[in-house]
Amino acid sequence: MRSKIMQYVDLHTHTCASDGSDTPIELVKKAAALNLLAIAITDHDTLGGLDEAVAQSKISNIEVIRGCELSVHSECGELHILGLWIKNQASELEQALEMLREYRTERNRIMVHRLQKMGVNISYDYVTSLAGGDTIGRPHIAAALMQKGYVSSIREAFNNYLGSKGKAYEAKKVLSIDEAMHLLKISNASICLAHPGLVDCSEKWLDHLLLYLKGLGLSAIEAYHSSHTSATEAMCVRLAHKHDLDLSGGSDYHGLTKPEIHLGVGKGNLRITSHILQKLKQRRIQNGLSS
Ligand code: AMP
Ligand code: ZN
Ligand code: FE
Ligand code: FE
């Protein structure tokens, strides 16, 4: 049983608005049942689940932070950037997200077409029928392959077909770093570099990247993440200190899409204290932003 004094948060979660499996309402109820103080919902390329989640948060007595996760291109491959506390009427961001989802549709159709040419009998309509929201991606195609018995696990779907070395893989069109940072900044978001440990780069490269991102309005580094080792956490803390950035943390919960990752606790031992949230809020106040 968790202490009543120490309270925890989870600032990186996904719903079925993108490639998670819980509805926004289910996710908020689960987080409240775990006694989390707050969660951020950070779906890929959509704000679609946020209004429902915020409405449920009032009923469930938990704080929900309006967020999203953007993919950007870098020399070291794809980077992920989280926007937290996105303002209500973020029309320029919404427009860009709609364009990104259109790119995704083109890409998904190409991958499904490649699968069909290999004899896989799956239609694109079937893939979309497995999605619960606006953003459709490779996890939905993987689920379709599994449902129809072509693979026995999501991992096998990625290894054989959908991963970057898979037979049906098509690269995703993403924003540039500057575009993503600008869109989040004009949406009054706190901007956080997601899971640096998943980027295939050196600490030196990350150091240069952070200097650049800080100049574009970066507020935080996601030091605490389900995929991070204690060495990665320590590196993030070091770099945050050097660049005067706050720390953030989240499980990257996806429900059944990534069953090994649990809400609030990641693979079991992740704990993000409310202090992390307080610091992020303090910086927003200093920057004249509301939370
Ligand atoms: P997309 O945005 O359509 O390229 O899909 C990205 C999603 O696929 C992210 O949630 C990834 O974590 C997930 N993903 C990427 N590679 C794998 C893998 N090998 N096994 C399971 N999920 C993966
Ligand atoms: Zn995802
Ligand atoms: Fe990510
Ligand atoms: Fe994520």
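As the structure lists them, so they are numbered: ligands from 1, and atoms in each ligand from 1.
Note that NZ of Lys214 and NE2 of His243 are 9.0 Å apart. Values are rounded to the nearest 0.5 Å. Once rounded to the nearest 0.5 Å, the distance linking CG of Leu97 with CD1 of Ile86 reads 7.5 Å. Rounded to the nearest 0.5 angstrom, Leu93 CG and Cys68 SG are separated by 5.0 Å.
Judged by distance alone, with hydrogens and angles left aside, the side-chain atoms of Arg114 form a donor-acceptor pair with the main-chain N or O of Tyr169 at under 3.5 Å. Formation of a donor-acceptor pair under 3.5 Å by the His208 side chain with backbone atoms of Trp205 is not found in this model.
The Zn ion (ligand 2) has an N, O or S atom of His44 inside 2.8 Å of it. Among the backbone and side-chain atoms of His44, none of the N, O or S atoms lies under 2.8 Å from the Fe ion (ligand 3).
With respect to Asp244 and Arg283, a salt bridge is recorded, a charged nitrogen being found less than 4.0 Å from a carboxylate O.
Around the Zn ion (ligand 2), the two atoms NE2 of His254 and OD1 of Asp19 are separated by an angle of 90°, to 10 degrees.
Distances from the Fe ion (ligand 3) to each N, O or S atom of His80 single out ND1 as the nearest. The nearest N/O/S atom of His12 to the Fe ion (ligand 4) is NE2. Taking the N/O/S atoms of Glu69 in turn, the shortest distance to the Fe ion (ligand 4) belongs to OE1. Asp252 has its closest N, O or S atom to the Fe ion (ligand 4) at the position named OD1.
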